[in-house]
There are 2 protein chains.
Amino acid sequence: MLADGRKEFIELWGDMGAHWGVPRSMTELHALLYIVGGPMNTDEIMKQLSISRGNASMTLRTLLDWGIINRTHKLHDRKDYYTAEQDVWKLFATVARARKRRELEPLAARLKSLSLKLNGDATSEGVAHRERLESMLKFIVQFDGLSDQFLSMGGLSLDILSNLIGSGKKTLP
Amino acid sequence: MLADGRKEFIELWGDMGAHWGVPRSMTELHALLYIVGGPMNTDEIMKQLSISRGNASMTLRTLLDWGIINRTHKLHDRKDYYTAEQDVWKLFATVARARKRRELEPLAARLKSLSLKLNGDATSEGVAHRERLESMLKFIVQFDGLSDQFLSMGGLSLDILSNLIGSGKKTLP
DNA sequence: GACACATTTCACGTATTTTTAAAATTAATG
DNA sequence: CATTAATTTTAAAAATACGTGAAATGTGTC
């Protein structure tokens, strides 16, 4: 039913997900909704991707949790319909923010408490270890802060920053 | 032999790796070398992490490939010794560049060829699909370019950019 | 409030990935 | 050039993650 190019896009997106440690069906399902553009219900999705109802249900829920798809309804139809966010920047920012919250922030917190724990150790070795730990921590905190700012800049950030950093060299003639 | 805090750091780093789809022993081994700071040989590493020689060997090779540890030697000792890069920015930039090359660039290439393939389809549906595909592609290409610039800025990038973007608001008093 | 349909949960089997242990290869020393 | 030590490869075992289908739980309609 879906033309070749679209199937290939879905596969491609699935490969990408697999590479990133995200279940293949997660990114595939999202790719399907993204490329189709309009709302689809669970059965249509199951058929297109040939996945089970259970899998579809769990994956849809996770995508909803991540905030990159939405649930809608049609009149006189009890089925749930799903649509993907079409703004690529929003998509990216949502996923990035979620990852940041789930991974970077807990990491920083654990490093911080570890650093405190090492305070007691006054041996030269202990001090050296704490220093290394702290430069790691410092980096992560800085990176975290920068990504906050970056993500709150909105969709034009990429253009703006490219110009800022590259001192305008790389723009088109 | 290793104090508690260090063990915890290794575990923490291992957890992080697992989250990112990288084998746990990969990031653990790197964490060990990073926190210890000095050169270690395979046997010391095996003992500390209680992993097999085979595992240690394969993991060390991969870390060498990634360019985040180095091989050294001691006089009158045939064993190989390994040290981790201590500069956190270099560490980050190396890993990021490798990921970029291995993931972002092939992705962009595949999207590009897909977009061409869809050119033949002149139905309104086909056109809509190609448009979505192309906004995705455009984003990825832009992002790719920006990260190139970012990664070539060196260790002070984080500070500099924070000030640039945040218009100096978030610096210390 | 009971029926029909839709969704979610969960225990299970399957597949993939990671680790191990042992065999093979490579290199170094006397 | 043989012997010993170190490393890499390999194949099997263990661990983990993934998807499935059926049963259970919801939800709206008559």
Side-chain angles (χ1 to χ4, degrees), chain A residues 10-11 13-33 39-67 69-83 99 102-103, chain B residues 10-33 39-66 69-83 99 102-103:
Chain A
I10 292 169
E11 268 175 45
W13 218 236
D15 288 357
M16 187 202 63
H19 241 276
W20 275 72
V22 178
R24 165 175 242 89
S25 53
M26 187 86 74
T27 40
E28 279 189 357
L29 175 22
H30 176 264
L32 173 64
L33 288 175
M40 294 180 79
N41 65 40
T42 310
D43 293 273
E44 290 165 350
I45 293 170
M46 287 166 57
K47 208 175 82 196
Q48 287 291 340
L49 300 178
S50 30
I51 58 176
S52 71
R53 183 170 303 281
N55 190 359
S57 169
M58 287 173 81
T59 304
L60 284 166
R61 156 183 277 289
T62 312
L63 289 173
L64 283 169
D65 286 349
W66 286 9
I69 67 172
N70 297 105
R71 207 194 321 245
T72 58
H73 286 96
K74 288 190 177 172
L75 286 176
H76 302 295
D77 190 342
R78 297 220 245 98
K79 286 194 182 69
D80 286 348
Y81 282 75
Y82 302 90
T83 3
R99 276 192 92 100
R102 278 199 308 265
E103 290 161 27
Chain B
I10 293 169
E11 269 175 46
L12 177 162
W13 219 235
D15 287 358
M16 187 202 60
H19 238 275
W20 275 72
V22 179
R24 168 175 240 88
S25 55
M26 187 86 74
T27 41
E28 280 190 356
L29 175 24
H30 176 263
L32 174 64
L33 287 175
M40 292 180 80
N41 64 40
T42 310
D43 293 272
E44 290 165 350
I45 293 169
M46 288 165 57
K47 209 175 83 191
Q48 287 292 339
L49 299 179
S50 29
I51 59 174
S52 72
R53 181 173 305 280
N55 191 355
S57 170
M58 287 175 67
T59 304
L60 284 167
R61 155 183 276 289
T62 311
L63 289 173
L64 283 169
D65 286 349
W66 286 10
I69 67 172
N70 297 103
R71 208 197 318 248
T72 58
H73 286 96
K74 288 190 177 174
L75 287 176
H76 303 296
D77 190 340
R78 296 220 247 89
K79 287 193 183 72
D80 286 348
Y81 282 76
Y82 302 90
T83 4
R99 276 191 93 99
R102 279 198 307 265
E103 290 161 27

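Labels below follow one simple rule: chain letters A, B, ... track the order of the sequence lines, proteins then strands, and each chain is numbered from 1.
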Roughly how far apart are [X] [atom1] and [Y] [atom2], rounded to 0.5 Å?
X	Y	atom1	atom2	result
A:Asn41	A:Arg71	CG	CZ	13.0 Å
B:Ile69	B:Leu33	CD1	CG	6.0 Å
B:Leu63	B:Tyr82	CG	OH	10.0 Å
A:Asp80	A:Ser57	CG	OG	9.5 Å

Would you kindly give the [atom1]-to-[atom2] distance between [X] and [N], to the nearest whole Å?
X	N	atom1	atom2	result
A:His73	D:dG28	NE2	P	8 Å
B:Met46	C:dA22	CE	P	12 Å
A:His76	D:dC30	NE2	C1'	14 Å
A:Met58	C:dT7	CE	P	16 Å
A:Ile45	D:dG19	CD1	C1'	16 Å
A:Glu44	C:dT7	CD	P	11 Å
A:Asn41	D:dT27	CG	P	19 Å
A:Asn55	C:dA15	CG	P	15 Å

What side-chain donor-acceptor pairs closer than 3.5 Å can you find for residues 13-20 of chain B, not counting sequence neighbours?
from    : atom 1 : to       : atom 2 : distance (Å)
B:Asp15 : OD1    : B:Arg24  : NH2    : 2.3
B:Asp15 : OD2    : A:Arg110 : NH1    : 3.1
B:Asp15 : OD2    : A:Arg110 : NH2    : 3.3
B:Trp20 : NE1    : A:Glu103 : OE1    : 3.2

Which atom names give the shortest non-hydrogen contact between A:Glu28 and A:Ile10, and what distance separates them? CG-O, 3.6 Å
Candidates [options] - which lies nearest the side chain of [X]:
X	options	value
B:Asp80	D:dT7, C:dT19, C:dC10	D:dT7
A:Ser57	C:dT8, D:dT8, C:dT18	C:dT8
A:Ser52	D:dT20, C:dT19, C:dT8	D:dT20
A:Arg78	C:dT19, D:dG28, C:dT7	D:dG28
B:Lys79	D:dT7, C:dT20, C:dT7	D:dT7

Around atom CE of B:Met46, are there more than 12 heavy atoms of other residues, nucleotides or ligands at under 6.0 Å? yes
Return the 5'-most residue of the pair B:Thr59, A:Arg71 with respect to DNA chain C, ranking by each residue's nearest nucleotide. A:Arg71
Check whether any side-chain nitrogen or oxygen of A:Ser25 sits under 4.0 Å from OP1 or OP2 of D:dG19, and answer yes or no. yes
Please enumerate all protein N or O atoms sitting under 3.5 Å from an N or O of nucleotides 22-25 of chain D, with distances to 0.1 Å.
none

